[in-house]
Amino acid sequence: MVQSQSAGHAKAYFNDALSKSDYYVNDQELAGQWQGRLADRLGVDGVISKEAFFALCENKHPATGESLTPRNVENRTTGYDINFHCPKSVSVMHAMTNDGEILEAFEKSVYATMQLIEADSKTRVRKDGADSDRETKELAWANFVHQTARPVDGSLPDPHLHSHCFVFNATWDEQEKVVKAAQFRDIKRDMPYYQSVFQKTLADNLADLGYGIRKTAKSFEIENVPQQVLDLFSKRTDEIGRVAKDKGITDAKELSELGARTRAKKQKGHTMDELKDEWRSQIEKLGDNGHAGIVRHAPARNLEKVSAIECVDYALLHCFERSSVMSERRLLESAYRYSMGKSGATSEDIKLAFENDDRIVKVVEKDRTVCTTREVLTEEKKMIDLAIEGFGQMKPLYDAAPELNLDGQQKSAVDHILTTRDRVSIIRGAAGTGKTTLMKEAVAKIKDAGKDVFVVAPTAQAARGILKEQEKFDNAQTVAKLLTDHALQTQLKGQVLWVDEAGMLGTKDMLGLLSLAKMHNAQLILGGDTRQHASVVRGDAMRVLSTVSGIRSAEVTKIYRQQTEGYRSAVEDLSNGHVLEGFQKLDELKFIKTVDAMNPNGQIVKDYLQAITSGKKCLIVSPTHAQGDAVTAAVRQELQAAGLIGNKEIKAERLRSVGFTEAEKGDTRNFQSGQFVKFSQNVAGFGIGSLWEIKCPNHKDILLVNSQGESKPFPVVDAKKYEVYEKGTILLAKGDKVLVNTGMTDLDNKRMENGTMLEVISLAEKGVIKLRNPMSKRTHRVSTHLSYIDNGHCVTSQASQGKTVEEVFIYQPAATFPATDSKQFYVSVSRAKHQAHIYTDDKELLLEYAQDLGERQSAIEMLLDNKMHQEVVMLMQREKEQEQEIEIKTGKDHEPDR
């Protein structure tokens, strides 16, 4: 969905791209058609005329020439071009078989999706002081269908069936009886949902015609079109991809605009017969690998069947692994995508099953429906109940606060945990407030009171890399280790459990820790920052406990890390959620730098090199791996030119997690040959830590092969016990920084924790590199074959959390904005002691994205925020009754109500 910001832009687009192509002649033109209820109301139908199109561009009624909407400001948004693209195999099959049914199936799918978008259309209501949106369900759009892609210079165009639906910024307000500007905000937000509807509808339509459908990672393909043919006819995609990679562009809107900027020059027109002759010639040059297999229908076979409820089950498992609350349309999108390539469940079937599923709790929130499940709600309720049950249940460690080598907020926080009668305490400390100093003082006093302190953290890097190695908490462990080690758990009896970086805990882990604390009568201290990055898994547990359960939190907000008053004040604002104020202060300090969108790397590379050559400890941070890879390549080139890393390079194979959810691991169609599987637990026939390559010829008989050539069937169902990785390559030279992206052991069996930053100190022979940890001074030998290391000059904000440098360089062009929010921005900016350098090509839009809180709503918050207390009360009452029934049967006395 691409915005057209002026009438002139829309007219030029009509002349250049919509009404006629640069690369074919009339025998294959498809005339544009008017569509939509508003188009009918305005009296435009059938074939599109230039006069009517231009009139609507100028906000004029195409019949009367009068102003169409009441307001007609300059540079108003004229409309939006919504693009519909067929999978490449559909385009090839359409071009090579003369099957008019494919074109008809495509056009029906486009129209059905546009009708859904039209049904969601709204307009703003501002009369009489109102400030809301009203449904209108009327739009007008010009639909242009094309059958070829833009040519790459030197080549004829490839087959590519696609449609441009240019939707004008106008709708009919039935209440006010007037045409008004439309409100497209929600339509833009739900574009992934409409995309899934289009792809699902097209896949079903083609399956009904007899075509075999094969689901892919992002869409689907028709079976019996060889991969070599798909690659052959992807010249335009490859061209855009190469340019995008060079410029570090990953955002969908940026890619679309890049396509327009890299459009080839006009060529002499060719007839469709000439194009088809050329395409056949190209295919024949592939030999049997290309020409064989392009047939009208898939061979007779039994399609795998799936029920609508199975599709809903998949969506719930997939979406609620990492979120407690999810929009209805995100859930449906996931269910639709899962159903592609299977028979037995239409989109209507899936939607009906979703609506009738009593596991799902739905709430209308502003202008959309959001959902949770009763299972998620019950889990959160148990977590909160356990925390509340600990109120007043502990004997204080000290009757009166002892003398401390602290003052101010730090002293108050330690006083609180030493004198509290509650089982659970929270210390919320902003980045750079000296939480570790506070922690060391508190632990010493707890030990003086005769208690042992067990320290855990959610990540291995925080537990063993920072707490154990840097801060000398010798017994520090991960939360996962504690929750699975029964011998370790028994040592908690009557002692104190301290969780560092507790803001990263998910609901399940927090529930486990609370249960252990109750079972062993241990005091539980949660220290962390709820404004930094939370867990990947479901639930911002520490924040929910502090806001819903009523647990008293000790706040430590005075920042010590930043060494200058202006910088410190800006970080304090970001820490307190005052993003606008913090952003303005950073701008006043000249920390935010506007860069050229066409050369975004130049300034950051120059400034970074200047800083490190002066001996400063620095780090580059960017929200996405794609942008990080782009700036890393530019940085390394300049580092070599300056002699700061060696000129001799080796190519190393690195593995990076694909990030599949358990649901995605359960769908064998997601696995690709060449991916790797690492087992985190023992599975029959597969040892813990073992690495196997996926061999996946048909997505059913999937094999795993190890380095010795041993082959075994893939135990797909044990999804919790393995992780899937993809292979890539990185260049390394002496002096390079590398980052461990998954916990691993080196060639000498020494542990390297996830998130550890290392330096290349030598390129040894026989595929071995030598690394050094600059903090511990420990050295490691690592193979260049399939290691879990990445270039470390630029890291994501998640990887930067917990690190402190002198200057931080934040690479945040527009392509990173989909991954930008207040948590990401705050974590990135707060890493440095002296200065933050922020590089962007759109300062205003960066502020807009940075103001997004990035907090995942909990299930209970969703209900309470929407005044659905009764839902919570009913659930609690139902569980209470069930508990009482169990107690009566076992003869237990009832506990009094709290």
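Only a predicted model underlies this, so the values are computations on that prediction, with no experimental measurement involved.
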Item to complete: Would you indicate whether Gln610, at its atom CD, is surrounded by more than 12 heavy atoms from other residues, nucleotides or ligands within a distance under 6.0 Å?
Response: no
Practice prompt. Taking only Lys NZ, Arg NE, NH1 and NH2, and the carboxylate oxygens of Asp or Glu, determine whether Glu806 and Lys617 approach each other closer than 4.0 Å.
Written response: no
Practice prompt. Taking the side chain as every heavy atom from C-beta outward, state whether Val829 and Phe591 have any atom pair closer than 4.5 Å.
Written response: no
Discussion item. With side-chain hydrogen bond (donor to acceptor under 3.5 Å, both in side chains) as the criterion, how do Gln640 and Glu649 come out once you've worked through the C-alpha distance, each side chain's angles and the decisive distance to 0.1 Å?
Written reply: CA-CA 10 Å; Gln640 283 183 320; Glu649 291 183 325; 2.9 Å; yes
Worksheet entry | Close side-chain approach of Gln409 to Thr433, heavy-atom, < 4.5 Å | no
Discussion item. Please evaluate residues Tyr725 and Lys727 with respect to the criterion side-chain contact (heavy atoms from CB on, under 4.5 Å), reporting the C-alpha separation (whole Å), side-chain torsions for both, the decisive distance (0.1 Å), and the verdict.
Written reply: CA-CA 7 Å; Tyr725 294 84; Lys727 183 173 71 172; over 6 Å; no
Discussion item. Pairing donors with acceptors under 3.5 angstrom, does anything connect the side chains of Gln812 and Thr820?
Written reply: yes
Practice prompt. Please tell me if the side chains of Trp692 and Tyr722 come closer than 4.5 Å, counting only heavy atoms from C-beta onward.
Written response: no
Worksheet item: Roughly how far, to the nearest 0.5 Å, is the OG1 atom of Thr742 from the CZ atom of Arg656?
Response: 10.5 Å
Item to complete: Mark yes or no for whether Thr816, through its side chain, and Pro813, through its backbone, hold a donor-acceptor pair below 3.5 Å.
Response: yes
Worksheet item: Is there a side-chain contact between Phe583 and Asp573, using heavy atoms and a 4.5 Å cut-off?
Response: no
Worksheet item: Between Pro458 and Asp500, which heavy-atom pair has the shortest distance, and what is it?
Response: CD-O, 3.1 Å
Worksheet item: Under 3.5 Å, is there a donor-acceptor pair between the side chain of Lys616 and the main chain of Val805?
Response: no
Response to the item:
Contacts satisfying ring pair (Phe, Tyr, Trp, His ring centres under 6.0 Å) that involve residues 735-759 (not counting sequence neighbours) are none
Worksheet item: If you look at every heavy atom in Gly503 and Met542, which pair is closest and at what distance?
Response: N-SD, 3.5 Å
Discussion item. Do Glu664 and Val724 have side chains that approach each other closer than 4.5 Å (heavy atoms only, starting at C-beta)?
Written reply: no
Item to complete: Report the distance from atom NZ of Lys823 to atom OG1 of Thr530, rounding to the nearest 0.5 Å.
Response: 6.0 Å
Worksheet item: Do Asn83 and Asp81 have side chains that get closer than 4.5 Å, going by heavy atoms?
Response: yes
Practice prompt. Scan side-chain atoms only and decide if Glu723 and Ser680 contain a donor-acceptor pair under the 3.5 Å cut-off.
Written response: no
Discussion item. Less than 4.5 Å apart, side chain to side chain, heavy atoms only: is that true for Lys833 and Arg561?
Written reply: yes
Discussion item. Once ring pair (Phe, Tyr, Trp, His ring centres under 6.0 Å) is applied, what residue pairs with a partner in residues 598-629 remain, sequence neighbours excluded?
Written reply: Tyr608-Phe809
Worksheet entry | salt_bridge(Glu588, Lys585) N-O dist < 4.0 Å | no
Worksheet, complete the sentence: Here the pair of heavy atoms bringing Arg531 nearest to Tyr826 is O-CD2, 3.4 Å
Worksheet entry | Side-chain ion pair, Asp587 and Lys843, N-O less than 4.0 Å | yes
Practice prompt. Spell out, as yes or no, whether a donor-acceptor pair under 3.5 Å connects the side chain of Asp852 to the backbone of Asp821.
Written response: no
Practice prompt. Say whether, by atom type as modelled, one donor and one acceptor occur between the side chain of Glu441 and the main chain of Asn405 under 3.5 angstrom.
Written response: yes
Worksheet item: In this structure, are over 12 heavy atoms from other groups packed under 6.0 Å from Lys558 atom NZ?
Response: no
Worksheet item: Run the side-chain contact (heavy atoms from CB on, under 4.5 Å) check on Asn754 and Thr459 step by step: do they pass?
Response: CA-CA 8 Å; Asn754 181 18; Thr459 67; over 6 Å; no
Worksheet item: How about Lys750: does its NZ atom have over 12 heavy atoms from other parts shown lying under 6.0 Å from it?
Response: yes
Discussion item. On a heavy-atom basis, which atom in Asn741 and which in Leu655 lie closest, and how many Å separate them?
Written reply: ND2-O, 3.0 Å
Worksheet item: Taking atom types as modelled, is there a side-chain donor on Tyr811 or Asn601 under 3.5 Å from an acceptor on the other?
Response: yes
Worksheet item: When rounded to the nearest 0.5 angstrom, what distance separates OG1 in Thr756 from NE2 in His780?
Response: 7.5 Å
Discussion item. Can you confirm whether the side chains of His9 and Ser4 place a donor and an acceptor under 3.5 Å from each other?
Written reply: yes
Discussion item. Check this for me, if you would: do Asp746 and Arg778 make a salt bridge, where the nitrogen-to-carboxylate-oxygen distance has to be below 4.0 angstrom?
Written reply: no
Discussion item. Looking at Lys770, I want to see if its NZ is surrounded by more than 12 non-hydrogen atoms of other residues, nucleotides or ligands under 6.0 Å.
Written reply: no
Discussion item. Is there a side-chain contact between Leu847 and Glu844 in this structure, where contact means two heavy atoms from C-beta onward sitting under 4.5 Å apart?
Written reply: no
Fill in: Aromatic ring proximity Tyr849/Phe825, centre distance under 6.0 Å
no
Discussion item. Before you tell me yes or no, could you show the steps for Val571 and Leu586 under side-chain contact (heavy atoms from CB on, under 4.5 Å), namely the whole-Å CA-CA distance, both residues' side-chain angles and the distance that decides it to 0.1 Å?
Written reply: CA-CA 9 Å; Val571 172; Leu586 292 169; 5.8 Å; no
Item to complete: Check step by step if side-chain contact (heavy atoms from CB on, under 4.5 Å) holds for Ile838 and Leu846.
Response: CA-CA 10 Å; Ile838 304 158; Leu846 172 59; 4.1 Å; yes
Fill in: Arg751/Glu753 ion pair, N-O < 4.0 Å
yes
Discussion item. Return the CE to CG distance between Met752 and Leu739, rounded to the nearest 0.5 Å.
Written reply: 10.0 Å
Worksheet entry | Partner of Ser622 under side-chain contact (heavy atoms from CB on, under 4.5 Å), chosen from Ser797, Ser800, Cys794 | Cys794
Worksheet item: How far apart are the closest heavy atoms of Ile789 and Arg654, and which atoms are they?
Response: O-CB, 3.0 Å
Worksheet entry | Minimal non-hydrogen separation, Asp736 against Leu731, with atom names | OD2-O, 3.8 Å
Worksheet item: Between atom CG of Leu574 and atom CD of Glu581, what is the distance when rounded to the nearest 0.5 Å?
Response: 9.5 Å
Discussion item. Just checking Gln637: does its CD atom have more than 12 heavy atoms from other residues, nucleotides or ligands closer to it than 6.0 angstrom?
Written reply: no
Practice prompt. Kindly check if the number of other-residue, nucleotide or ligand heavy atoms within 6.0 Å of CZ (Arg772) is above 12?
Written response: no
Worksheet item: How long is the gap from CZ on Arg568 to OG1 on Thr564, to the nearest 0.5 Å?
Response: 7.0 Å
